[in-house]
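To keep things clear, I will list the structure first and then write my remarks on it.
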Amino acid sequence: MIDQSHHYVADHIHQLKPSGIRRFFDLASKLDNVISLGVGEPDFVTPWNVIEASFHSLEQGYTAYTANAGLLELREELSCFLSETYHVSYRAEDQMLITVGASQAIDLAFRAIINPGDEVIVIEPSFVSYAPTIKLAGGEPVIVEATEPFAFKIQPEQIKSAITPKTKAILICSPNNPTGAALNRDELTAIAKLAEQHDLIVVSDEIYADLLYDEEFTSFASIPNMIDRTILISGFSKAFAMTGWRLGYAAGPKAIIEAMTKIHQYTIMCAPTMAQHGALEALRNGRGSVQEMKNSYRQRRNYVVKALNEMGLTCHMPGGAFYVFPSIKATGMSSEAFAEALLEDQRVAVVPGHVFGNSGEGYIRCSYATSMQQLAEAMKRIKRFLDK
Ligand code: PLP
């Protein structure tokens, strides 16, 4: 029977394009012997002590809902973690919310702050969910483009010229997905000045904070006067290799966190209880594992950047996360055509840059969160593809 149900779907959802990353995964999953540099998640399994703590919580019968905002004990531990590690101070009682991944925190942040027609400045290339979540919240994403000549770091003048009377917020993500670009304290301070001058909120997605390789991370809220206008978003997926646990959090000014909690209360109730128990152990005893994974990613990053440049794909050295974003412009192909042909011809899956925004055209995203052995084989295959 032909499915006729599409006419029931709301108009604004019809207009929303499906994620380009998914389409590529689907193509890759139909082929054998594929090396995937496509997925944005660690190849490591969650540290064993975290898994055990979660098992243990179930054995002890912790199978009910937690408080809407999440276990107070977890929020307290997080509050200490953020203060010790990133020098930002949040009260566990009313300034923190445990969410279903950073993804939910992003969604809640926009739903909590956006009035119809409000504009949010988004720096592209960016994580695929930003513009759609802003639109779903009734807002208007205003795109500014970070470009290769500036190592994919946005220039403050670009943000300044995108500000209008309707601008409500600036969304930043450092280290960035897909470029790996990381803004230093001075660069963030320049954005902070604009936020202050124009009375804007800054939504700071810091999910890759613990995967910054060559310098110390600056949390946006640690910049003077920013704590009262920043929504800090992060989670356990990337640094602790816990993508499937679906656990993230938001920290911010009381009224905003209360607004986010209200929506969370009615739509989710609480993040998964067993995952919260695991996260507690991750914060208490999992940081050594994060360091080990980080050292391994650093080694892989250095290897991949060198290999890509040597084969003629210009690739800047990303400061953090686990992605490289080489240019494929010299091949004369579009990023979609390049990624499709590479997959078909050499069975290597990468993500075409345009799925992260128009400014990503001419680039591909390769995740190096896969073993050195797989990376070496992938580099060999990409070189073979280019030699042809
Ligand atoms: N923010 C960025 C920049 C990401 O790259 C991702 C995942 O790829 C997320 C948020 C979502 O993370 P989570 O698994 O915590 O929902």
Side-chain angles (χ1 to χ4, degrees), residues 12-13 16 68-70 75 78 82 88-91 93-124 126-144 154 159-160 162-174 176 188 191-207 209 219-223 225-235 248-268 270-271 357:
H12 68 291
I13 304 298
L16 211 57
N68 292 133
R75 282 178 279 142
L78 256 179
L82 289 174
V88 285
S89 160
Y90 291 104
R91 282 187 308 274
E93 298 74 33
D94 56 7
Q95 291 194 293
M96 307 194 81
L97 171 64
I98 308 297
T99 57
V100 180
S103 300
Q104 191 213 354
I106 293 166
D107 182 40
L108 290 176
F110 292 131
R111 287 205 272 162
I113 63 172
I114 287 176
N115 282 315
D118 280 351
E119 293 177 354
V120 178
I121 295 177
V122 178
I123 301 162
E124 282 188 350
S126 78
F127 177 46
V128 292
S129 81
Y130 293 155
T133 43
I134 292 165
K135 283 188 195 155
L136 285 171
E140 231 9 271
V142 173
I143 309 300
V144 289
I154 198 70
I159 295 184
K160 191 172 176 191
I163 296 172
T164 75
K166 287 188 182 168
T167 309
K168 184 74 174 268
I170 306 171
L171 170 58
I172 56 175
C173 175
S174 170
N176 175 274
L188 291 170
I191 298 176
K193 283 197 181 122
L194 290 172
E196 206 168 8
Q197 277 163 11
H198 297 271
D199 190 19
L200 305 176
I201 297 167
V202 173
V203 179
S204 183
D205 182 348
E206 303 188 358
I207 190 135
S219 184
F220 195 81
S222 72
I223 295 170
N225 304 331
M226 285 304 112
I227 192 117
D228 294 331
R229 59 173 73 249
T230 302
I231 307 177
L232 187 168
I233 286 171
S234 192
Y249 57 91
K254 179 171 178 271
I256 295 180
I257 294 297
E258 273 173 6
M260 290 170 67
T261 308
K262 219 174 350 178
I263 307 168
H264 175 78
Q265 206 169 63
Y266 289 125
T267 51
I268 298 286
C270 68

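Heads up: numbering here begins at 1 and tracks the sequence. Reckoned from all heavy atoms, side chains included, excluding hydrogens, waters and symmetry mates. What you see is a predicted model, and the numbers here were worked out from it, not measured in a lab.
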message: If the condition is side chain to side chain donor-acceptor pair (under 3.5 Å), which residues does Asp199 pass it with, not counting sequence neighbours?
response: Arg229
message: For a side chain to side chain contact (heavy atoms under 4.5 Å, CB included) check, start with the C-alpha distance between Ile256 and Met260, then their side-chain angles and the critical distance, and finish with the verdict.
response: CA-CA 6 Å; Ile256 295 180; Met260 290 170 67; 4.0 Å; yes
- request: Show your working on side chain to side chain contact (heavy atoms under 4.5 Å, CB included) between Val88 and Phe220 and close with a plain yes or no.
  value: CA-CA 9 Å; Val88 285; Phe220 195 81; over 6 Å; no
message: For a side chain to side chain contact (heavy atoms under 4.5 Å, CB included) check, start with the C-alpha distance between Thr99 and Ile268, then their side-chain angles and the critical distance, and finish with the verdict.
response: CA-CA 9 Å; Thr99 57; Ile268 298 286; over 6 Å; no
Whether [X] side chain and [Y] backbone form a donor-acceptor pair below 3.5 Å:
X      : Y      : result
Thr167 : Ala169 : no
Thr164 : Lys166 : yes
His264 : Asn68  : yes
Lys168 : Ile113 : yes
Thr133 : Asp107 : no

Euclidean distance, [Y] [atom2] relative to [X] [atom1], rounded to 0.5 Å:
X      : Y      : atom1 : atom2 : result
Leu97  : Ile257 : CG    : CD1   : 6.0 Å
Glu93  : Lys254 : CD    : NZ    : 11.0 Å
Ile114 : Glu119 : CD1   : CD    : 10.5 Å
Asn176 : Cys173 : CG    : SG    : 5.0 Å
Glu196 : Asn225 : CD    : CG    : 4.5 Å

Does a side-chain heavy-atom distance below 4.5 Å link [X] with [Y]?
X      : Y      : value
Val203 : Tyr130 : no
Ile207 : Phe127 : no
Ile172 : Leu188 : yes
Leu136 : His12  : yes
Leu200 : Leu194 : no

Atom of [X], atom of [Y] and distance for their closest heavy-atom approach:
X      : Y      : value
Met96  : Tyr90  : CG-CB, 4.1 Å
Ala162 : Val144 : CB-CG1, 3.6 Å
Ile227 : Pro253 : O-CG, 4.0 Å
Leu82  : Ala251 : CD1-CB, 4.4 Å
Ala271 : Ile98  : CB-CG2, 4.0 Å
Ile231 : Ala109 : CD1-CB, 4.1 Å

message: Using side chain to side chain contact (heavy atoms under 4.5 Å, CB included), reason through Arg75 and Arg91 one step at a time and then give a plain yes or no.
response: CA-CA 8 Å; Arg75 282 178 279 142; Arg91 282 187 308 274; over 6 Å; no
statement: Only residue of Ile143, Ile191, Ile163, Leu171 satisfying side-chain contact (heavy atoms from CB on, under 4.5 Å) with Ile121 is Ile163
